[in-house]
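Because the structure is predicted, anything quoted here is derived from the model rather than measured.
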Amino acid sequence: MRSGLVRSLVFWYSVIVFATFGVLNLAVSGMIGSSNEKNIEADLRGFQESSEVFLSRYVLKNGVWGYQEVGDSLCAVLGSNLKIYSTTGELLYNALFADEQAPGDDMAYASQGKSAYTVYTSGKDTRVYFSFLVEEFGIIRMEVDYSELYQSGSYISRMVLYSSASVLVTALVLLVVFAGKVIEPVNRLRNAVVELTEDPSSAMPLPVRHKDEIGELTREYNKMAAIIREQLREITLEKSALEEAVAYRKHFYDNVTHELKTPLTIILGYAEMMEDTGFSDLEFSKKGIQHIISESKRLRDMVTALLDATRVGVSDTSDFEMVDLAGLLRDTAVSMNLKAARQQKEIVLSLPEEEQSLRVWGSREQLIQMFINLMDNAIKHGSGSKISVFSQRLGEHVEISVQNEIEKQISEEELARLFIPFYRQREEGAEPGSVGLGLAICRKIAESHGGNISALLPDEGRICIRVLLLSVQTEAPAEEF
């Protein structure tokens with residue numbers, strides 16, 4: 001690119017300069033030629049006038065025409081060689097010319113009574129042959145040497161030519177240097193654009209070293225590269241999110257299929273066996289009916305949980321109101337302590353002194369459902385005897401934390417999957433009949449209230465589920481979050 005642009009600039013600049021100096025050289029040559037003609041014509045007019053004055057005075061003084069004597073005197077007065085002819089062309093006097101064969105039509109014009117001259121060049125010598133008619137005397141043809149005048153004009157023309165060539169070469173060198181400096185940032189931009197096309201992730205900003213149009217172009221390129229990098233980052237994130245969503249859908253579908261199939265298989269198995277025995281075995285029939293009832297309840301709970309999971313988080317805030325979170329947590333903890341006591345566990349609730357600071361904007365029923373699920377999950381999967389529920393005002397949010405002990409340490413990767421439906425259903429220690437959708441439902445409830453939920457590992461052997469909700473002093477969440 002650089003060599004191409006420089007070549008083009010040099011070519012067109014050379015064409016313009018050559019044309020300019022060609023015209024200049026022609027103009028100078030024309031001016032020198034015109035000046036030479038004017039000088040020659042002025043000199044020749046002077047020679048003619050001097051000759052006529054001399055002849056008239058010579059005749060008046062001597063009264064006779066002596067061609068030899070007159071010719072010698074004219075040569076001495078004019079300082080030039082000459083010839084004298086009669087009007088019929090007969091040679092009457094001859095002072096030897098430098099070139100006896102000098103051509104020209106000046107004699108023909110002189111015989112007609114006109115003054116004329118011929119310029120004759122031979123090598124470096126330039127002579128002018130001038131012929132004019134003197135009445136009642138004859139035709140005088142002079143030879144005048146103008147070699148010095150023409151050589152001076154030729155020298156001036158050469159100097160103009162050499163000067164033009166020097167200026168052209170200097171200008172071309174400066175043009176190449178200047179064009180190189182101008183093209184360098186353009187070439188750098190071109191390379192950057194090529195790299196950007198081949199690998200958009202490699203689009204890096206270029207240094208702005210100019211305060212002209214090239215600098216402005218570089219700044220615009222940097223803006224474009226930043227936008228492309230940001231768009232590429234967003235595309236990468238969206239691609240990852242899409243892949244994660246596809247994987248989540250498959251995982252969810254596989255788990256739902258499995259969890260629905262298991263109780264149905266048990267129910268169908270016992271029903272077919274009782275049909276085959278004709279209810280003759282009362283003990284087996286009683287046991288089968290109990291399993292059918294148990295698995296039917298489990299199936300009902302699972303379908304209910306799935307429906308809750310699909311309904312929660314739908315953009316409907318018609319039942320949102322100001323909720324006293326302190327009172328809600330206290331009532332929930334009291335009711336869930338009954339279940340915890342059956343497993344020799346206890347829920348310990350900690351509230352701040354200013355309980356009125358724990359007010360949020362939301363659905364009371366959904367919030368109760370979320371905290372029941374969190375406490376129930378701690379009861380089912382906790383290993384210790386104490387479950388801590390802590391709440392406080394944290395800036396513009398209200399923080400609620402549910403902590404309990406765990407037997408097996410959880411990795412960071414497993415921690416991120418706790419809110420995926422059915423994930424913990426397959427883990428050891430899961431309570432029989434557990435659906436495995438509790439934390440997934442809690443996440444949707446928290447997000448529908450403009451908050452979020454996360455799992456933390458504050459200490460070894462402990463897990464904390466942390467919920468952040470917007471406090472009532474902040475703007476209520478929009479209908480579409």
Side-chain angles (χ1 to χ4, degrees), residues 1-46 98-99 102-106 109 114-130 143-194 197 206-221:
M1 175 182 177
R2 174 177 175 176
S3 59
L5 286 177
V6 173
R7 239 189 338 262
S8 298
L9 287 173
V10 171
F11 173 76
W12 288 110
Y13 182 80
S14 301
V15 169
I16 294 173
V17 171
F18 273 120
T20 301
F21 284 119
V23 173
L24 177 62
N25 192 47
L26 290 176
V28 170
S29 299
M31 292 173 60
I32 292 175
S34 177
S35 176
N36 289 343
E37 290 180 0
K38 291 180 180 179
N39 290 333
I40 291 172
E41 290 175 358
D43 289 345
L44 295 181
R45 281 195 298 269
D99 187 353
D105 297 330
D106 51 286
Y109 285 102
K114 301 177 182 179
S115 300
Y117 67 91
T118 300
V119 179
Y120 177 72
T121 301
S122 177
K124 295 184 178 180
D125 296 333
T126 302
R127 294 180 177 83
V128 174
Y129 297 92
F130 177 48
E143 179 192 58
V144 184
D145 188 0
Y146 280 100
S147 298
E148 184 176 353
L149 178 64
Y150 275 88
Q151 288 176 6
S152 176
S154 178
Y155 174 78
I156 293 174
S157 297
R158 288 196 305 272
M159 288 301 100
V160 171
L161 180 62
Y162 295 155
S163 300
S164 301
S166 301
V167 171
L168 174 62
V169 172
T170 303
L172 286 177
V173 172
L174 294 177
L175 177 63
V176 171
V177 174
F178 176 74
K181 291 184 177 181
V182 172
I183 298 302
E184 180 183 0
V186 176
N187 198 45
R188 190 168 60 248
L189 274 173
R190 173 189 174 275
N191 294 335
V193 171
V194 171
T197 303
L206 297 177
V208 181
R209 300 173 181 172
H210 302 268
K211 296 182 178 180
D212 51 12
E213 289 81 359
I214 294 178
E216 185 65 25
L217 182 61
T218 304
R219 281 189 289 271
E220 293 302 321
Y221 165 80

>> Among residues at least two apart in sequence or on other chains, which ones pass ring pair (Phe, Tyr, Trp, His ring centres under 6.0 Å) with Tyr117?
In response: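 Partners of Tyr117 under the ring pair (Phe, Tyr, Trp, His ring centres under 6.0 Å) test: none.
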Show me the donor-acceptor pairs within less than 3.5 Å that the side chains of residues 149-161 make with the rest of the protein, sequence neighbours left out.
from	atom 1	to	atom 2	distance (Å)
Gln151	NE2	Lys124	O	3.0
Ser154	OG	Arg158	NH1	2.9
Ser157	OG	Gly153	O	3.2

With sequence neighbours excluded, what pairs up with [X] under the side chain to side chain donor-acceptor pair (under 3.5 Å) test?
X	value
Ser35	none
Asn39	none
Asp43	Tyr146

Which pair of heavy atoms, one from [X] and one from [Y], lies closest together, and at what distance?
X	Y	result
Thr126	Asp145	O-OD1, 3.1 Å
Thr118	Asp105	OG1-N, 3.7 Å
Ala116	Asp106	O-CB, 3.5 Å

